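Taking it in order: structure first as structure tokens, then the write-up.
The structure displayed is predicted, hence computed values, not measured ones.
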There are 2 protein chains.
Amino acid sequence: MIGGLGAALLLATLTTQAQLKPEEQIKYRKAGYNFMAWNMGKIKAQVVDGSEPYKKEQVVAAANAIAAIANSGMGALFPAGTATDKMGDQTRLKPEFFKNLDEANKLARNFTGAVNKLASEAASGDQARIKTAFGEAAKTCKACHDQFRTD
Amino acid sequence: MIGGLGAALLLATLTTQAQLKPEEQIKYRKAGYNFMAWNMGKIKAQVVDGSEPYKKEQVVAAANAIAAIANSGMGALFPAGTATDKMGDQTRLKPEFFKNLDEANKLARNFTGAVNKLASEAASGDQARIKTAFGEAAKTCKACHDQFRTD
């Protein structure tokens with residue numbers, strides 16, 4: 001199935017989930033948020049600021065990437081012990097996160113719902129609706145940053 | 001549309017594409033590849049190694065994230081001047097990339113095709129087919145690493 005020794009070596013570098021160290025979990029969750037931020041920036045430029053011309057297929061692709069990342073089970077990357085109290089400046093996650101998991105889960109559900117809505121509005125091609133959905137999604141980002149991310 | 005000053009400040013931190021610096025472009029493309037690697041690892045654990053139980057919805061979500069990232073226009077994150085000759089150890093991209101753009105584009109198309117196939121096979125729920133598609137996708141990762149990424 002996998003072609004040759006080289007590909008087997010590549011695969012050997014892919015760590016299974018149970019083996020992930022806290023610093024790897026932090027790296028992967030940061031990667032997800034950073035890549036979402038890049039795509040939020042593209043939608044903002046084309047639909048909110050108008051600083052770049054609106055191209056439907058680019059906004060759809062950006063919104064789909066954000067939604068697919070949000071839907072990929074990132075909660076698994078937030079195990080106990082991965083906040084600033086244990087991991088220092090490797091992360092900006094406040095320890096309060098783990099004392100308020102119900103609230104964190106609620107914010108995560110709001111976020112996922114909002115970016116799924118953004119993806120469906122992107123598909124509509126209606127810029128006013130995309131702009132509204134973008135604003136709602138951005139609010140759900142900020143809600144979690146305000147409560148659980150250090151400045 | 002956007003609620004309050006706080007959300008406006010958040011939005012102000014989202015940089016539009018034309019303003020991105022080389023180091024930001026490198027950060028975002030690394031984020032995309034790292035997040036794809038996390039999701040490849042999940043599929044490998046469940047479908048290739050069997051080190052974790054197969055859960056269709058998790059494999060579908062992982063494959064969708066990989067495909068959506070691959071389809072999000074990452075080529076924009078590879079402008080001239082963002083290889084090791086100019087950016088040092090911020091990147092592993094070899095300068096050869098920019099001298100062989102036809103080859104790079106071909107490898108990128110192979111990669112995108114393979115991860116889209118992986119996503120559609122994931123949706124089928126047929127583990128043998130997912131395993132085959134995973135191996136093919138991994139080969140397209142390695143092909144680009146071999147030619148254009150430093151060790």
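A distance of 16.0 Å separates NZ in Lys21(B) from OG1 in Thr82(B), rounded to the nearest 0.5 Å. Leu20(A) CG to Lys42(B) NZ: the interatomic distance, rounded to the nearest 0.5 Å, is 10.0 Å. The distance from atom NZ of Lys117(A) to atom OG1 of Thr140(A), rounded to the nearest 0.5 Å, is 13.5 Å. Taking CZ of Arg92(B) as the reference point, atom NE2 of His145(B) lies at 8.0 Å (rounded to 0.5 Å).
Remark: Gln58(B) engages Gln46(B) in a side chain to side chain donor-acceptor pair (under 3.5 Å) (not counting sequence neighbours). With sequence neighbours left out, the side chain to side chain donor-acceptor pair (under 3.5 Å) criterion links Asp85(A) to no other residue.
Taking 4.0 Å as the cut-off between side-chain N and carboxylate O, Lys139(A) and Glu136(A) count as a salt-bridged pair.
Taking the six-membered ring where the residue is Trp, Phe111(B) and Tyr33(B) present tilted rings, their angle falling between 30° and 60°.
Put simply, the residue from Lys30(B), Arg29(B), Arg149(B) that forms a side chain to side chain donor-acceptor pair (under 3.5 Å) with Thr91(B) is Arg29(B).
Contact annotation for Lys27(B): only side-chain heavy atoms (C-beta onward) come within less than 4.5 Å of a heavy atom of chain A.
Each of Val60(B), Asn39(B), Ile43(B), Leu77(B) has some count of heavy-atom pairs under 4.5 Å with chain A, and the biggest count is that of Leu77(B).
Residues of residues 93-109 of chain B lying under 4.5 angstrom from chain A, judged on non-hydrogen atoms, do not exist. Contacts from residues 61-72 of chain B to chain A, taken as heavy-atom pairs separated by less than 4.5 Å, involve Ala61(B), Asn64(B), Ala65(B), Ala68(B), Ile69(B), Asn71(B), Ser72(B) in sequence order.
When the side chains of ILVMFWY residues are joined at heavy-atom separations under 4.5 Å, either directly or via intervening members, Phe78(B) and Met87(B) end up in two distinct hydrophobic clusters.
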